[in-house]
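We use all heavy atoms of the structure for the numbers below, so side chains are in, but hydrogens, waters and symmetry mates are not.
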Amino acid sequence: MFSNTALAKLRAGQQVACVWLSLGSEALAEIAAEAAPDAIVLDAQHGLWDVRSTHAALGMIAHASTSLVRVADNNAASIGFALDAGAQGVIVPLVETAEQAARAVSASQYPPRGERSGGGVRPLANLTAYLESCRQNILVSVMIETRPGLDNVADIVAVPGIDMIFIGTGDLSLSLGTGADIEAAIQTIFSACRAAGVPCGIFTASPEAAKARLGQGFAFVVAETDLRLAREAMSASLSLALSKE
């Protein structure tokens, strides 16, 4: 059996701050778990995670935080792999229609609720208990990050089984193009989520941005990323070491 603290908070109307990991390091995942954030996200779409490192990292963080994987695509095999490896939820990228959102939900649930295939090393340790936990504790989030997704947001948020909408600000900016009012698009998605009673998360690139979005009422933010932390710490340390003061 497993619980899902982040999902419970979202269902209770509380806010969640996650750590986002892209570098594929189990050691960094273990260090992140020591801080006990609400959730830790492994980015399998744009990050460096492979099969073995994903399994290892999810095992290291399960005791401390809700473990989520941003999967590579909206494919039953990709979603099933992440959940079989031990993730307590998935963030599915590039969802543009209600049909695609429903597909993500179906891939995350076993029959009769969905089409997820039974198996995996961790689920088979106690399949009966795992099946029962999955019915209540798998978090399914879909990303709206394109113009079609923005246009169809009202239909997407109405799909049963969607626990959270997550705004991908980078791809949304690319999709809408130069000169577009990105903040207006973000607020359109946020308002649609609020009207439907669905938690809305957003990618935030810094702790300061995360704090600001929480203040606006967003339900899920990125408090820190391993990539930002490594880059900024490296630059700051080198600048200090080479300074003449």
Q: Could you state whether Ile162 and Val95 fall into the same hydrophobic cluster, counting links through intermediate Ile, Leu, Val, Met, Phe, Trp or Tyr residues with side-chain heavy atoms under 4.5 angstrom apart?
A: yes

Q: Would you confirm whether Trp49, through its side chain, and Leu21, through its main-chain N or O, come within 3.5 Å as a donor-acceptor pair?
A: yes

Q.
Strictly distance-based, threshold 3.5 Å: is any side-chain N or O of Asp226 a donor or acceptor partner for the main-chain N or O of Leu23?
A. yes

Q: Rounded to the nearest 0.5 Å, what's the gap from OG on Ser22 to CZ on Arg228? Could you check?
A: 13.0 Å

Q | Nearest heavy atoms of Ala82 and Val90, plus distance in Å | A | CB-CG1, 4.1 Å

(Q) Could you check whether Glu96 and Thr146, counting side-chain N and O atoms only, form a donor-acceptor pair closer than 3.5 Å? (A) yes

Q | Charged N-O contact under 4.0 Å between Arg122 and Asp84 | A | no

Q. Say you draw a straight line from CD of Gln45 to CG of Leu94; how long is it, rounded to the nearest 0.5 Å?
A. 5.5 Å

(Q) Would the distance check show the side chain of Thr204 and the main-chain N or O of Val222 forming a donor-acceptor pair, the cut-off being under 3.5 Å? (A) yes

(Q) Would you say Trp20 and Asp43 are linked by a side-chain donor-acceptor pair, where the criterion is simply a distance under 3.5 Å? (A) yes

Q: Under the side chain to side chain contact (heavy atoms under 4.5 Å, CB included) rule, what do Tyr130 and Tyr110 come out as? Steps first, then yes or no, please.
A: CA-CA 11 Å; Tyr130 181 77; Tyr110 292 110; 3.3 Å; yes

Q) Do you reckon Ile40 sits in the same ILVMFWY cluster as Val16, going by side-chain contacts under 4.5 Å, direct or chained? A) no

Q) Can you tell me how far CD1 of Ile61 sits from CD of Glu34, rounded to the nearest 0.5 angstrom? A) 12.5 Å

(Q) Could you check whether any side-chain N or O of Ser133 sits under 3.5 Å from a backbone N or O of Ala129, counting only pairs where one atom can act as donor and the other as acceptor? (A) yes

Q: Using atom types as modelled and distance alone, determine if a side-chain donor or acceptor of Glu224 lies under 3.5 Å from a backbone N or O of Val19.
A: no

Q | Linked, directly or transitively: Val71 and Val41 (ILVMFWY side chains, under 4.5 Å) | A | no

**Q.** Connected via hydrophobic side-chain network under 4.5 Å: Val159 and Val153
**A.** yes

Q) Closest approach of Pro199 and Cys193, non-hydrogen atoms and distance? A) O-SG, 4.5 Å

Q) Got a salt bridge between Glu183 and Arg213, using NZ or NE/NH1/NH2 to carboxylate O under 4.0 Å? A) yes

Q. Quick check: are there more than 12 heavy atoms from other residues, nucleotides or ligands sitting under 6.0 Å from CZ of Arg11?
A. yes

Q: Please assess Ser53 against Asp50 for the test side chain to side chain contact (heavy atoms under 4.5 Å, CB included), listing each intermediate value before the final yes or no.
A: CA-CA 5 Å; Ser53 60; Asp50 59 20; 2.7 Å; yes

Q: Determine, using the 4.5 Å side-chain heavy-atom cutoff (strictly less than), whether Met164 and Ile156 are members of one ILVMFWY cluster.
A: no

Q. With no hydrogens and no angle check, is any side-chain donor or acceptor of Ser235 less than 3.5 Å from a backbone partner on Glu232?
A. no

Q: Give a yes or no answer on whether the side chain of Ser108 reaches the backbone of Val140 with a donor-acceptor pair at less than 3.5 Å.
A: no

Q: May I ask you to decide if Ile138's main-chain N or O and Asn4's side chain share a donor-acceptor pair within less than 3.5 Å?
A: no

Q) Does a donor on one side chain and an acceptor on the other come within less than 3.5 Å for Gln109 and Arg116? A) no

Q. Going through the checks in order, is the side chain to side chain contact (heavy atoms under 4.5 Å, CB included) test met by Val92 and Ile79?
A. CA-CA 8 Å; Val92 181; Ile79 293 170; 4.0 Å; yes

**Q.** Exercise: identify the closest heavy-atom pair between Pro207 and Ala223
**A.** CG-O, 3.3 Å

(Q) Side chains of Glu26 and Met60, heavy atoms from C-beta outward: is any pair under 4.5 Å? (A) yes

Can you give the donor-acceptor pairs under 3.5 Å from side chains of residues 165-178 to other protein atoms, not counting sequence neighbours?
from   : atom 1 : to     : atom 2 : distance (Å)
Ser173 : OG     : Thr169 : O      : 2.9
Ser175 : OG     : Arg147 : N      : 2.8

Q: Using a 4.5 Å cut-off on heavy atoms from C-beta on, say whether the side chain of Lys9 contacts that of Phe220.
A: no

Q: Applying side chain to side chain contact (heavy atoms under 4.5 Å, CB included), run through Gln88 and Phe2 and close with a yes or a no.
A: CA-CA 8 Å; Gln88 294 165 293; Phe2 66 88; 3.6 Å; yes

Q: Rounded to the nearest 0.5 Å, what's the gap from CD1 on Ile144 to CG on Asp151? Could you check?
A: 10.5 Å

Q | Flag for Asp73-Ser78: side-chain donor and acceptor within less than 3.5 Å | A | yes

Q: Would you mind checking if Glu99 and Arg103 are paired as a salt bridge, meaning a charged N to carboxylate O distance below 4.0 Å?
A: no

Q) Counting only N and O atoms by type, is there a donor-acceptor contact under 3.5 Å from the side chain of Asp38 to the main-chain atoms of Thr5? A) no

Q.
Ignoring hydrogens, what is the shortest heavy-atom contact between Leu42 and Ala57? Give both atom names and the distance.
A. CD1-CB, 4.0 Å

Q | Side-chain donor or acceptor of Asn152 paired with backbone N/O of Asp155 under 3.5 Å | A | no

Q: For Ala32 and Pro37, work out which heavy atoms get closest and say how close.
A: O-CD, 3.3 Å

Q) If you look at every heavy atom in Gly86 and Ser67, which pair is closest and at what distance? A) O-OG, 3.4 Å

